[in-house]
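Single-structure report; data block below.
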Amino acid sequence: MCDLHLHTTCSDGILSPETMVLKAKEVRLAAVAIADHDTVDGVDPAIRTGKQVGIEVVPAIEMSCLYQKFDVHILGYYMDFHDPELLSYLEKVRAKRLERAEKIVAKLNEQGFPLDVKRVLEIANGGALGRPHIAQALLERGHVKTMDEAFVRFIGYHSPAYVPKMEISPLEATGVIRKYGGIPVVAHPGSYRDDKLLNVLIEAGLMGIEVYHPDHDAAMSEHYLEIAQKNDLFITGGSDCHGGRKGRLFIGETNVPYRYLAQMKKYKGLA
Ligand code: AMP
Ligand code: FE
Ligand code: FE
Ligand code: ZN
């Protein structure tokens, strides 16, 4: 089995790429994909550990996009993740994440909940900056008691210190992933349920659907499985594990059969 959606300290996960691969070994996975938000920095370290312990590591990314003001995430598998042009594109995307974090912190300060952007940067420790790092800083300062409260009261979609992300459309992300040889797959479509958007993305070159995800119930997975099969798309799935940031570890709980990965590898000429 494999888990094709994991986050590490290179974005908003709390386990290093190396530790994540060791966890994969513990739960007896054959392969994992490191799919951090807007970065591929975790891929090489994970591959190194994978070679040592006998776990196949798939290079991946999860690009954060906006579509009509709501979050749409596009996974990319097997991009040429050392391509300098791709790396500089991703650096620019992450610079926008920093600008956004500064705006969120400024809003929180105005609203009477002082935070220091420096502390948020320390928490992210070089990883792609995200709201979870701000949530952790709010927690540390005692402004909230749980991460969830931070999202509900302050930085969630409808909350007073919310600032939208940079305007990368899922169409752009699909194009970027393909440009660098990757396979674009829409992540957890059940979190917004917009089949029209899926059709638009398929028209634009989307190649797969994340059918299995902890936010999908059985009926949703069945629905997306049908769409994938009807359109001849790759099928993926994974735990979206953030190393326990959301209270407990998810790795090993949403596995997909290796044959789904094998189909992508075959397409890429890797199997
Ligand atoms: P960002 O990419 O900065 O917009 O942050 C989005 C990330 O925040 C998601 O990938 C999740 O990891 C995390 N997240 C979203 N909602 C919540 C929540 N209610 N509680 C904890 N983490 C959340
Ligand atoms: Fe995340
Ligand atoms: Fe996501
Ligand atoms: Zn994710």
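We count ligands from 1, going down the list as the structure has it; atoms in each ligand are counted the same way. Residue numbers count from 1 along this sequence.
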Note: Glu91-Lys96 ion pair, threshold 4.0 Å (strictly below):
no
Please list, in number order, the atoms of ligand 1 under 4.0 Å from a heavy atom of Arg97.
1 (P), 2 (O), 3 (O)
Using 2.8 Å as a strict upper limit, say whether an N, O or S atom of His7 approaches the Fe ion (ligand 2) that closely.
no
Once the angle between the rings of His188 and His73 is folded into 0 to 90°, is it parallel (under 30°), tilted (30 to 60°) or perpendicular (over 60°)?
perpendicular
If you measure every N or O of His242 against every N or O of ligand 1, does any of those distances drop under 3.5 Å?
yes
In this structure, atom 15 (C) of ligand 1 is nearest to the protein heavy atom Phe151 CE2, 3.4 Å
Assess His5: does it contribute an N, O or S atom lying under 2.8 Å from the Fe ion (ligand 3)?
no
Does Asp12 approach ligand 1 within less than 4.0 angstrom via side chain, backbone, both or neither, non-hydrogen atoms only?
side chain
Would you check if the Fe ion (ligand 3) lies under 2.8 Å from any N, O or S atom of His73?
yes
Any N or O of His73 closer than 3.5 Å to N or O of ligand 1:
no
Any idea which of His37, His133, His7 brings a heavy atom closest to atom 10 (O) of ligand 1?
His37
Check ion pair Arg141-Asp116 (N to O, under 4.0 angstrom):
no
Do the ring planes of Phe113 and Phe154 sit parallel (below 30°), tilted (30 to 60°) or perpendicular (above 60°)?
perpendicular
Below 4.0 Å from ligand 1: does a non-hydrogen atom of Glu62 turn up there or not?
no
Does this structure show an ion pair linking Arg97 with Asp38, if we count only N-O contacts that are shorter than 4.0 Å?
yes
Test: Glu122 and Arg119 ion pair at under 4.0 Å
yes
Just by distance, do the side chain of Tyr67 and the backbone of Leu171 share a donor-acceptor pair under 3.5 Å?
no
Looking at the Fe ion (ligand 2), is there an N, O or S atom belonging to Asp12 that lies under 2.8 Å away from it?
yes
